Visitor: 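For reference, the structure I am asking about is given below.
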Amino acid sequence: MSGKFSKGLTDFEWAVLKATLEIPLGETRSYKWVAERIGRPQAARAVGQALRKNPYPIIIPCHRVIKANGDPGGYGGKQDPRKARLLAQERDIAARIRLLGARGGGGA
DNA sequence: AAGTACCGTTAAA
DNA sequence: TTTAACGGTACTT
């Protein structure tokens, strides 16, 4: 039984994608974080595989998933500075949302 | 610091 | 069908 929903993805991948979608905005989690969440604390590598495939790069914030060292994961070395840039933007957005909830004043 | 073992998917032979 | 490779972490040396 693999991929009872969309063919091409397995239950494992769905679990990884789901866990990645649950990562709060402006925050980052490690592959192990996802691995433990899906019930495979030792499958951090397999998690990286599912993210590497990332069938929905627009919906799945794979950039929020980094290594436990704080280094950006990626393949064969590193991805691109875009990842850090993207994370910085998300952080800004999260900060803005926090301000709105704090006093709902005009930000900028 | 370096090497090894673990998990799950994909590509190739 | 079987083998090789990719990708991150923890443990051991």
Side-chain angles (χ1 to χ4, degrees):
Chain A
M1 294 100 87
S2 327
K4 286 156 70 151
F5 302 103
S6 302
K7 67 183 175 114
L9 291 182
T10 64
D11 293 341
F12 183 83
E13 289 180 318
W14 286 113
V16 173
L17 301 177
K18 188 157 102 83
T20 304
L21 283 165
E22 291 196 37
I23 297 174
L25 176 68
E27 293 289 328
T28 52
R29 294 292 185 268
S30 55
Y31 291 93
K32 188 170 190 40
W33 180 89
V34 178
E36 285 183 354
R37 194 181 183 87
I38 65 179
R40 262 46 178 187
Q42 305 219 299
R45 311 204 297 220
V47 170
Q49 273 332 305
L51 268 82
R52 176 166 74 134
K53 299 179 59 130
N54 196 8
Y56 307 112
I58 315 285
I59 313 171
I60 308 295
C62 54
H63 49 267
R64 285 187 199 155
V65 186
I66 60 176
K67 302 217 302 187
N69 313 326
D71 275 344
Y75 51 89
K78 55 185 166 51
Q79 183 134 23
D80 267 315
R82 294 183 272 159
K83 187 178 206 167
R85 197 61 161 148
L86 200 52
L87 255 2
Q89 287 178 118
E90 289 193 339
R91 246 184 285 121
D92 184 47
I93 293 165
R96 180 123 16 180
I97 291 168
R98 183 188 256 294
L99 279 158
L100 289 167
R103 56 197 267 312

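To find a chain, count down the sequence lines: A is the first, B the second, and so on, and within it residues start at 1. Note that this is a predicted model, so its numbers are computed, not measured.
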Visitor: Which nucleotide sits closest to the side chain of A:Lys32: C:dT9, B:dT9, B:dG8?
Guide: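 Taking heavy atoms from C-beta onward, the closest nucleotide is C:dT9.
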Visitor: Donor-acceptor pair under 3.5 Å: do we get one between A:Gln42's side chain and the base of B:dC7?
Guide: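 Between B:dC7 and A:Gln42, which were checked side chain against base, a qualifying N/O pair under 3.5 Å is absent.
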Visitor: Tell me: CD1 of A:Ile38 to C1' of C:dG8, nearest whole Å?
Guide: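 In whole Å, C:dG8 C1' and A:Ile38 CD1 are 13 Å from each other.
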Visitor: Figure out the CD/C1' separation between A:Gln49 and B:dC7, and round it to whole Å.
Guide: 10 Å
Visitor: Whole Å only: how far is the CZ atom of A:Arg37 from the P atom of B:dG8?
Guide: 18 Å
Visitor: Can you find a side chain N or O atom of A:Arg40 that sits less than 4.0 Å from OP1 or OP2 on B:dG8?
Guide: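 Result: yes.
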Visitor: Between atom CD in A:Glu36 and atom P in C:dG8, what is the gap in whole Å?
Guide: 17 Å
Visitor: Show the nearest heavy-atom pair for residues A:Pro55 and A:Ala50, with the distance to one decimal.
Guide: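 Residues A:Pro55 and A:Ala50, closest heavy atoms: CD-O, 4.5 Å.
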Visitor: Do A:Leu21 and A:Tyr56 have side chains that approach each other closer than 4.5 Å (heavy atoms only, starting at C-beta)?
Guide: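 Heavy-atom side-chain distance check fails, nothing below 4.5 Å.
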Visitor: What distance separates A:Ile66 CD1 from A:Asp71 CG, expressed to the nearest 0.5 Å?
Guide: 8.0 Å
Visitor: Distance check needed: B:dT9 C1' versus A:Asn54 CG, whole Å only.
Guide: 15 Å
Visitor: Quick check for you: among C:dG7, C:dT9, B:dT9, whose closest atom lies nearest to any side-chain atom of A:Glu13?
Guide: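 Of all the options, the side chain of A:Glu13 is nearest to B:dT9.
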Visitor: Which is more 5' along DNA chain C, the nucleotide nearest A:Arg52 or the one nearest A:Lys67? Just name the residue.
Guide: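 Nearest-nucleotide comparison on DNA chain C picks A:Arg52.
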Visitor: Using atom NZ of A:Lys53 as one end and atom P of B:dC7 as the other, report the distance to the nearest whole Å.
Guide: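 Value for this atom pair: 20 Å.
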Visitor: Would you call A:Arg64 and A:Thr20 a side-chain contact if the rule is heavy atoms closer than 4.5 Å?
Guide: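 No. Closest side-chain heavy atoms not under 4.5 Å.
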Visitor: Report the distance from atom CZ of A:Phe12 to atom C1' of B:dT10, rounded to the nearest whole Å.
Guide: 14 Å
